[in-house]
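Note sheet for the following structure.
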2 protein chains.
Amino acid sequence: MAGRAVRQERADATRGAILAAAERLFAERGVYAVSNRQVSEAAGQGNNAAVGYHFGTKADLVRAIARQHAEQVERLRLRMLGEVGDSTDVRDWVAALVRPVLEHLAELPSPTWYARFCAQVMTDPALHEIMTDESLASPALRRTVEGFNRCLPELPIEVHIERGAMARHLILHMCAERERALAENTATPRSSWHDAATGLIDGIVGLWLAPVTR
Amino acid sequence: MAGRAVRQERADATRGAILAAAERLFAERGVYAVSNRQVSEAAGQGNNAAVGYHFGTKADLVRAIARQHAEQVERLRLRMLGEVGDSTDVRDWVAALVRPVLEHLAELPSPTWYARFCAQVMTDPALHEIMTDESLASPALRRTVEGFNRCLPELPIEVHIERGAMARHLILHMCAERERALAENTATPRSSWHDAATGLIDGIVGLWLAPVTR
DNA sequence: TTTTAAATCAGTCGCTTGACTTAAGTATGG
DNA sequence: CCATACTTAAGTCAAGCGACTGATTTAAAA
């Protein structure tokens with residue numbers, strides 16, 4: 001009964017070590033530039049096949065890392081969704097999109113690698129899909145997007161899609177850039193993740209409300 | 001005299017083949033996931049050391065690719081700069097920032113790999129610097145940024161830096177995404193690079209003119 | 001206690017890597 | 001017409017790769 005838990009605990013510790021090591025190495029060097037051997041070693045495993053044993057393919061490992069974080073972000077976004085309620089202010093909904101992600105990064109022990117990891121994963125066509133799958137599986141995200149669409153002024157469909165992509169890129173790469181700067185101890189325009197989120201929200205709202213050239 | 005040119009021509013053809021092959025492979029798989037051997041083979045070279053012979057390190061090869069394109073973009077931007085003149089409309093200057101890049105992509109034979117190549121390069125801290133060096137070496141870009149700053153409403157310095165970064169990310173990754181979609185024959189929100197540029201300019205202008213939360 | 005199975009370790013396999021060396025081919029300049 | 005210098009080809013080398021195998025440890029179940 002409680003016995004099984006002990007063995008599980010040991011395995012979970014190893015799994016966790018592999019996840020953490022992989023996230024860091026993938027973020028710094030790129031997913032396909034890092035071998036499973038290097039991940040195993042960085043996780044303190046004598047066995048060079050530890051990754052294969054616990055996760056299978058490299059894509060499975062990437063999915064596991066993504067899911068771990070997605071769960072945390074989901075938790076934060078649900079809370080935020082409660083605060084937003086049924087607001088009709090575009091800014092509130094953009095905040096519900098942005099803030100949970102940056103709050104999550106702020107909560108993580110420093111230095112963080114998650115944003116850079118995401119940026120690396122999103123550049124690969126195959127892995128890209130894994131990432132979007134894990135994100136779109138989130139009910140809170142879906143509800144946020146719906147609420148956002150309700151109070152957004154009417155836009156041509158192609159502009160709507162286009163600006164959605166712009167907002168995604170903005171969140172992803174501004175986070176990755178800030179994270180990199182923090183890791184390398186170089187200057188950042190904002191002194192906290194919270195302030196960075198505010199600036200990001202300002203920009204994204206401006207982007208969505210910009211007039212459309214026809 | 002004319003003799004030397006023939007040998008040079010042969011070498012230039014090989015160099016060109018290597019540049020083209022490297023750009024494609026780097027864009028698709030990432031710079032460090034592709035070996036010099038693979039580049040040499042893809043360029044039709046029997047010699048597995050052809051890359052080393054013609055370019056030296058992988059960073060030198062990346063720089064050569066970046067420079068090649070930067071020259072074309074420079075040419076287009078200079079022309080655009082003439083049209084903009086001394087306009088005081090923010091939009092004109094954003095257009096001078098954006099249009100040359102997308103015009104260059106439109107001029108290249110399809111499919112293109114340059115935008116994805118840039119996106120890959122920018123994710124690596126070491127290569128990142130090579131790319132920015134090649135870009136900032138452009139006088140036309142510098143003049144454009146200056147002209148832009150002259151007609152932009154006053155912003156806190158940190159917001160200015162922040163939004164500059166946002167605009168950069170937007171241009172880079174929207175181009176890469178569109179390029180990927182074209183290569184994979186999936187849907188794109190806009191039917192031409194020119195229209196994509198218009199949408200991008202709309203968004204970036206909105207971003208810069210957005211009110212600042214204090 | 002003994003048995004069982006999960007988890008880890010240790011090592012092998014064929015293959016590819018970057019760095020390097022050597023040889024062959026070729027237009028030029030003497 | 002030949003020697004030179006530049007370019008390409010071909011192959012070697014240790015190191016590292018993923019995939020795989022069998023042995024060992026360890027806690028659970030019998």
Side-chain angles (χ1 to χ4, degrees), chain A residues 1-26 28-65 120-121 124 126-127 130, chain B residues 1-26 28-65 120-121 124 126-127 130:
Chain A
M1 295 289 143
R4 177 166 294 273
V6 179
R7 229 170 30 194
Q8 191 69 353
E9 227 169 79
R10 197 158 72 106
D12 283 353
T14 303
R15 266 183 69 102
I18 292 175
L19 283 173
E23 181 179 317
R24 196 189 80 226
L25 292 173
F26 290 169
E28 286 174 347
R29 303 188 218 161
V31 176
Y32 285 113
V34 175
S35 69
N36 287 349
R37 272 179 138 88
Q38 291 172 327
V39 173
S40 290
E41 279 171 27
Q45 293 297 300
N47 185 3
N48 66 37
V51 169
Y53 179 79
H54 285 281
F55 294 96
T57 74
K58 198 173 274 188
D60 294 328
L61 177 52
V62 166
R63 170 169 275 117
I65 297 170
Q120 290 281 5
V121 168
D124 185 278
L127 301 176
I130 294 177
Chain B
M1 293 289 140
R4 178 168 294 271
V6 179
R7 248 197 342 222
Q8 190 70 349
E9 225 169 81
R10 201 159 71 105
D12 283 353
T14 304
R15 267 183 67 102
I18 292 174
L19 283 173
E23 181 179 318
R24 197 189 78 224
L25 292 174
F26 289 169
E28 286 175 346
R29 303 188 218 159
V31 176
Y32 284 112
V34 175
S35 69
N36 287 349
R37 269 179 140 86
Q38 291 172 326
V39 174
S40 290
E41 280 172 24
Q45 292 297 300
N47 183 5
N48 67 36
V51 169
Y53 179 78
H54 285 279
F55 293 96
T57 74
K58 197 174 276 190
D60 295 327
L61 177 51
V62 167
R63 170 169 275 117
I65 298 170
Q120 289 280 5
V121 168
D124 184 278
L127 300 175
I130 293 177

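Note on naming: letters A, B, ... go to the chains in the order of the sequence lines (proteins, then strands), and numbering restarts at 1 for each one.
For B:R29 and C:dT16, the CZ to P distance is 13 Å, given to the nearest whole Å. Rounded to whole angstrom, the span from the CG atom of B:N47 across to the P atom of C:dT17 amounts to 14 Å. Distance CD (A:Q45) to C1' (C:dA6): 14 Å, rounded to an integer number of Å. Whole-Å rounding puts the A:E41 CD to D:dC17 P distance at 7 Å. If you measure from atom CZ of A:F55 to atom P of D:dA19, you get 16 Å, rounded to the nearest angstrom. Taking atom OH of residue A:Y32 and atom C1' of nucleotide D:dG16, one finds them 19 Å apart after rounding to whole Å. Look at CZ on B:R37: it is 16 Å from P on D:dA15, rounded to the nearest Å.
Taking only side-chain nitrogens and oxygens, A:Y53 never comes nearer than 4.0 Å to OP1 or OP2 of C:dT8. At D:dC17, one or more side-chain N or O atoms of A:S35 fall inside 4.0 Å of OP1 or OP2 (strictly under the cut-off). One finds a side-chain N or O of A:H54 lying less than 4.0 angstrom from the OP1 or OP2 phosphate oxygen of C:dT8. Taking only side-chain nitrogens and oxygens, A:Q38 comes nearer than 4.0 Å to OP1 or OP2 of D:dC17.
Residues A:R15 and A:F55 form a side-chain contact, since some pair of their non-hydrogen atoms from C-beta on lies under 4.5 Å apart. For the pair B:D124/B:V31, no side-chain contact is recorded, criterion being any heavy-atom separation below 4.5 Å from C-beta on.
No donor-acceptor distance shorter than 3.5 angstrom exists from the side chain of B:K58 to the backbone of B:Y32, with no hydrogens or angles considered.
Considering every non-hydrogen atom in both A:V34 and A:L25, the closest pair reads CG2-O, 3.6 Å. Considering every non-hydrogen atom in both A:A21 and A:V39, the closest pair reads CB-O, 4.0 Å.
If you check every strand for non-hydrogen atoms under 4.0 Å, A:A50 touches nothing. At the heavy-atom level, B:N36 lies under 4.0 Å from the strands shown only through sugar-phosphate atoms.
One donor-acceptor pair, N or O on each side, does fall under 3.5 Å between the base of D:dG11 and the side chain of B:N48.
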